[in-house]
**Q** 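Okay, here's the structure, questions in a sec.
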Amino acid sequence: MASDPVEVAPLLLNKVLTCGPVSGRIVEVEAYKGSEDPASHAFRGESARNAVMFGPPGHLYVYFSYGMHHCCNVVCRPAGVAGAVLVRALAPTSGLEVMRRRRPHAERDRDLCSGPGKLCQALGLNRDFDGLDLLSSASTVRLLDDGRPAPTAGELGSGPRIGISAELTSAAEPWRFWVVGDANVSR
DNA sequence: CTTTGGATCGTCT
DNA sequence: GACGATCCAAAGG
């Protein structure tokens, strides 16, 4: 959990993210390095918004974007060094009724968590949850291992990250990872 | 099915 | 004052 985001990202696949009655299996992620990655919020140094990315690993970094959406990340480098993994999609595993109520526009269950903004809406996450320790049993949001292993080489997809300006030097890096064939992967 | 444009506001320049 | 680590609806093939 405390190493290079590009190494950690694929290992988070098939882990379970849970918040109260609602939970889902992680099926798509993106790695964001800190100082070496122009696409990272931490590239230009620490600020009030991204402070959690500079804190200890295993904590939740939640940001607000586009004036209406929240996205959540797992911090994964030692305190003082920025780095995180964006959770892009979940396969819903429990609390589906609550998710549907929070996301009335979702017509199919695969629309509930198939995007970083969607899954935060489904889990009810916002900036109030920024900084939570995902590995503490006392936290309202937790990252759990239910025994399913990370995808094998044949089950693991990878490619360029989504929504990154093409002019950035790291835009073409294959730092997006997903579970091949899962219906909840975005797009 | 794919493409396009609008919504909306915290954050940093 | 500009710009997003996005989502959705509407319009066009």
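In what follows, every chain begins at residue 1, and chains take the letters A, B, ... in the order their sequences are listed. Note that the structure is predicted; figures quoted are calculated from it, not measured.
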**Q** In whole angstrom, what separates A/N184's CG from C/dC7's P?
**A** 13 Å
**Q** Return the nearest nucleotide to the side chain of A/K118; candidates are C/dT6, C/dC8, C/dA5.
**A** C/dC8
**Q** A/Y66 stacking on B/dA7: centroids under 5.5 Å, ring planes under 30°?
**A** no
**Q** Measure from the side-chain heavy atoms of A/Y61 and tell me the nearest of C/dT6, C/dG4, C/dA5.
**A** C/dA5
**Q** What does the list of N/O pairs under 3.5 Å between the protein and nucleotides 3-6 of chain B look like, with a distance for each?
**A**
none

**Q** Any carboxylate oxygen within less than 4.0 angstrom of a Lys/Arg side-chain nitrogen, looking at A/R25 and A/D182?
**A** no
**Q** Considering just the side-chain nitrogens and oxygens of A/S65, establish if one lies under 4.0 Å of OP1 or OP2 belonging to B/dG10.
**A** no
**Q** Less than 4.0 angstrom from a charged side-chain N to a carboxylate O is my criterion; do A/D37 and A/R161 meet it?
**A** yes
**Q** Starting at CG of A/D130 and ending at C1' of B/dT11, how long is that distance when rounded to a whole Å?
**A** 14 Å
**Q** Under 4.0 Å between a side-chain N or O of A/R127 and OP1 or OP2 of B/dT11?
**A** yes
**Q** Please give me the minimum heavy-atom distance between A/P174 and A/S158, naming the atom from each residue.
**A** O-CB, 4.3 Å
**Q** Would you say A/I26 ends up clustered with A/L144 if hydrophobic residues are merged whenever their side chains have heavy atoms under 4.5 Å apart, either directly or through other cluster members?
**A** no
**Q** Under a 4.0 Å threshold between the charged nitrogen and the carboxylate oxygen, would A/D111 count as salt-bridged to A/R103?
**A** no
**Q** Which comes earlier along DNA chain C counting from the 5' end, the contact point of A/F64 or that of A/G115, where each point is its nearest nucleotide?
**A** A/F64
**Q** Separation of A/N50 atom CG from C/dG4 atom C1', in whole Å?
**A** 15 Å
**Q** Would you kindly give the CZ-to-P distance between A/F43 and B/dT13, to the nearest whole Å?
**A** 12 Å
**Q** Identify whether any heavy atom of A/R103 sits under 4.0 Å from a base atom; if not, whether one sits that close to sugar-phosphate; answer base, sugar-phosphate or nothing.
**A** sugar-phosphate
**Q** Rounded to the nearest Å, what distance is computed from the CG atom of residue A/N73 to the C1' atom of nucleotide C/dT6?
**A** 14 Å
**Q** Which string of ( ) [ ] | and . matches DNA chain B, if you list each base 5' to 3' and count Watson-Crick or G-U pairs only when both distances are under 3.5 Å?
**A** |||||||.||||.
**Q** Is the number of heavy atoms from other residues, nucleotides or ligands under 6.0 Å of A/R44 CZ greater than 12?
**A** no
**Q** Could you check which of C/dT6, B/dT13, C/dA5 has an atom nearest any side-chain atom of A/H69?
**A** C/dT6
**Q** Within the structure shown, what part of the strands sits under 4.0 Å from A/H105 by heavy-atom distance: base, sugar-phosphate, or nothing?
**A** sugar-phosphate
**Q** How many Å lie between CD on A/E46 and P on B/dT11, as a whole number?
**A** 14 Å
**Q** Just wondering, do A/K15 and A/L143 contact through their side chains at under 4.5 Å, heavy atoms?
**A** yes
**Q** Tell me the interatomic distance from A/H41, atom NE2, to B/dT11, atom P, rounded to whole angstroms.
**A** 11 Å
**Q** Determine the minimum heavy-atom distance between A/R101 and A/P104, stating which atoms define it.
**A** O-CD, 3.6 Å
**Q** What do you reckon, are the aromatic ring centroids of A/Y63 and A/H41 less than 6.0 Å apart?
**A** yes
**Q** Check the distance between C/dC3's P and A/Y63's OH and give it to me in whole angstrom.
**A** 18 Å
**Q** Could you pull out the closest heavy-atom pair between A/R88 and A/S186, with the gap in Å?
**A** NH2-OG, 3.5 Å
**Q** Give a yes/no on whether any side-chain N or O of A/R88 is located under 4.0 angstrom from OP1 or OP2 of C/dT6.
**A** yes
**Q** Report which part of the nucleic acid A/R49 touches: base, sugar-phosphate, or nothing (heavy-atom distance under 4.0 Å, all strands).
**A** sugar-phosphate
